[in-house]
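One structure, as structure tokens, below. Some questions next.
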Amino acid sequence: MGCCTGSCTLIFICTLQLLVALERQIFDFLGYQWAPILGNFLHIIVVILGLFGTIQYRPRYIVAYTIWTAFWVAWNVFIICFYLEVGGLSKDTDLMTFNISIHRSWWREHGPGCVWRLVPAPPSNNLGDHSFISVTGCIIEYQYLEVIHSAVQILLSLIGFVYACYVISVITDEEDICRHK
């Protein structure tokens with residue numbers, strides 16, 4: 001295979017997916033979003049596996065990557081539905097933290113242009129060390145930033161899926177030609 005083939009493009013797509021997933025992982029860690037952290041971790045592992053399979057011409061690894069991209073697209077569609085509150089989902093639940101904390105998306109308080117200030121909690125609420133935060137002036141609301149992140153993930157996964165199928169086809173065709181000689 002030459003360098004300007006589907007395999008080189010798949011290597012580029014996988015590398016781009018790794019960079020985007022690592023960026024997303026950092027911000028999910030900052031927001032203590034445990035469900036996305038776990039999903040991102042698995043995604044990073046499988047993308048590395050797909051990258052290795054492409055470089056080493058191992059179609060089984062690329063098949064694993066291809067199957068994972070279907071799950072990854074479904075997960076990101078769920079994330080979009082969650083933040084846009086589609087189908088009875090609510091972004092104000094603790095679903096993304098596995099109901100173990102009250103943290104939300106890091107972008108909720110730190111989005112572009114957001115100004116936040118601490119508001120003293122009413123004495124009747126026993127919140128411990130927690131306080132209320134008022135956020136104003138955001139250029140783009142945090143749920144839309146999360147949706148944009150997921151949409152980019154979906155786009156990269158779909159492109160990666162197509163190129164992975166192509167590379168698998170090319171590799172298996174080359175193996176068949178070698179066997180018949």
What side-chain donor-acceptor pairs closer than 3.5 Å can you find for residues 148-156, not counting sequence neighbours?
from, atom 1, to, atom 2, distance (Å)
His149, ND1, Leu145, O, 3.0
His149, NE2, Glu23, OE1, 3.2
His149, NE2, Glu23, OE2, 2.9
Ser150, OG, Arg24, NH2, 3.0
Ser150, OG, Asn76, OD1, 3.3
Ser150, OG, Glu146, O, 3.4
Gln153, OE1, Trp72, NE1, 2.9

- Query: Considering all heavy atoms of both residues, which atom of Gln33 and which atom of Tyr83 are nearest to each other, and what is their separation?
  - Reply: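 So the two residues come closest at OE1-OH, 3.6 Å.
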
- What is the minimum heavy-atom distance between Pro36 and Asp28, and which atoms define it?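 Looks like CB-OD2, 3.1 Å.
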
- Task: Report whether Ile168 and Leu10 are members of the same hydrophobic cluster (ILVMFWY, side-chain heavy atoms less than 4.5 Å apart, transitive linking).
- Result: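 Per the 4.5 Å side-chain linkage, Ile168 and Leu10 are co-clustered.
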
- Query: Between Thr9 and Thr5, is any pair of side-chain heavy atoms under 4.5 Å apart?
  - Reply: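 The answer is no; the side chains never approach within 4.5 Å.
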
- Do Pro112 and Ile140 have side-chain heavy atoms sitting under 4.5 Å apart?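 Yes; the side chains approach each other to less than 4.5 Å.
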
- Atom pair CZ (Arg60) and CD1 (Ile171), whose distance is rounded to the nearest 0.5 Å: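 If I round to the nearest 0.5 Å, the distance is 12.5 Å.
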
- Query: Of all residues at least two apart in sequence or in a different chain, which pass the side-chain contact (heavy atoms from CB on, under 4.5 Å) check with Phe71?
  - Reply: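 Checked Phe71 against side-chain contact (heavy atoms from CB on, under 4.5 Å); matches are Ile67, Trp68.
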
- Message: With clusters defined by side-chain heavy atoms of hydrophobic residues (ILVMFWY) lying less than 4.5 Å apart, directly or transitively, does Val63 cluster with Phe161?
- Response: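 No, it is not one cluster - the side chains of Phe161 and Val63 are not joined through contacts under 4.5 Å.
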
Using distance only, find each side-chain donor-acceptor pair of residues 49-56 under 3.5 Å and give its atom names and separation, not counting sequence neighbours.
from, atom 1, to, atom 2, distance (Å)
Thr54, OG1, Gly50, O, 2.8

- Task: Each residue besides Val162 in its hydrophobic cluster should be listed here, by chain and number; the cluster joins Ile, Leu, Val, Met, Phe, Trp and Tyr at side-chain heavy-atom distances under 4.5 Å.
- Result: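 Val162 clusters with nothing; isolated.
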
Return a table of donor-acceptor pairs under 3.5 angstrom between the side chains of residues 11-19 and protein atoms on other chains or two or more places apart.
from, atom 1, to, atom 2, distance (Å)
Thr15, OG1, Ile11, O, 2.8
Gln17, OE1, Tyr65, OH, 2.7
Gln17, NE2, Ser157, OG, 3.3

- Transitive ILVMFWY cluster of Ile45 at side-chain heavy atoms under 4.5 Å: who else is in it?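 So far as hydrophobic clustering goes, Ile45 is joined with Phe41.
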
- Task: Would you check if there is a donor-acceptor pair between the side chains of Gln25 and Asn40 at a distance under 3.5 Å?
- Result: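 Yes.
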
- Measuring from Tyr163:OH to Ile62:CD1, what's the distance to the nearest 0.5 Å?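 With rounding to 0.5 Å, OH (Tyr163) is 14.5 Å from CD1 (Ile62).
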
- Task: Check whether more than 12 heavy atoms from other residues, nucleotides or ligands sit under 6.0 Å from atom OH of Tyr166, and answer yes or no.
- Result: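 Counting neighbours around OH of Tyr166, 12 or fewer heavy atoms of other residues, nucleotides or ligands fall under 6.0 Å, so no.
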
- Is the backbone N or O of Cys165 less than 3.5 Å from a side-chain atom of Ser169, with the two atoms forming a donor-acceptor pair by type?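 Side chain of Ser169 to backbone of Cys165, a donor-acceptor pair under 3.5 Å: no, none is there.
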
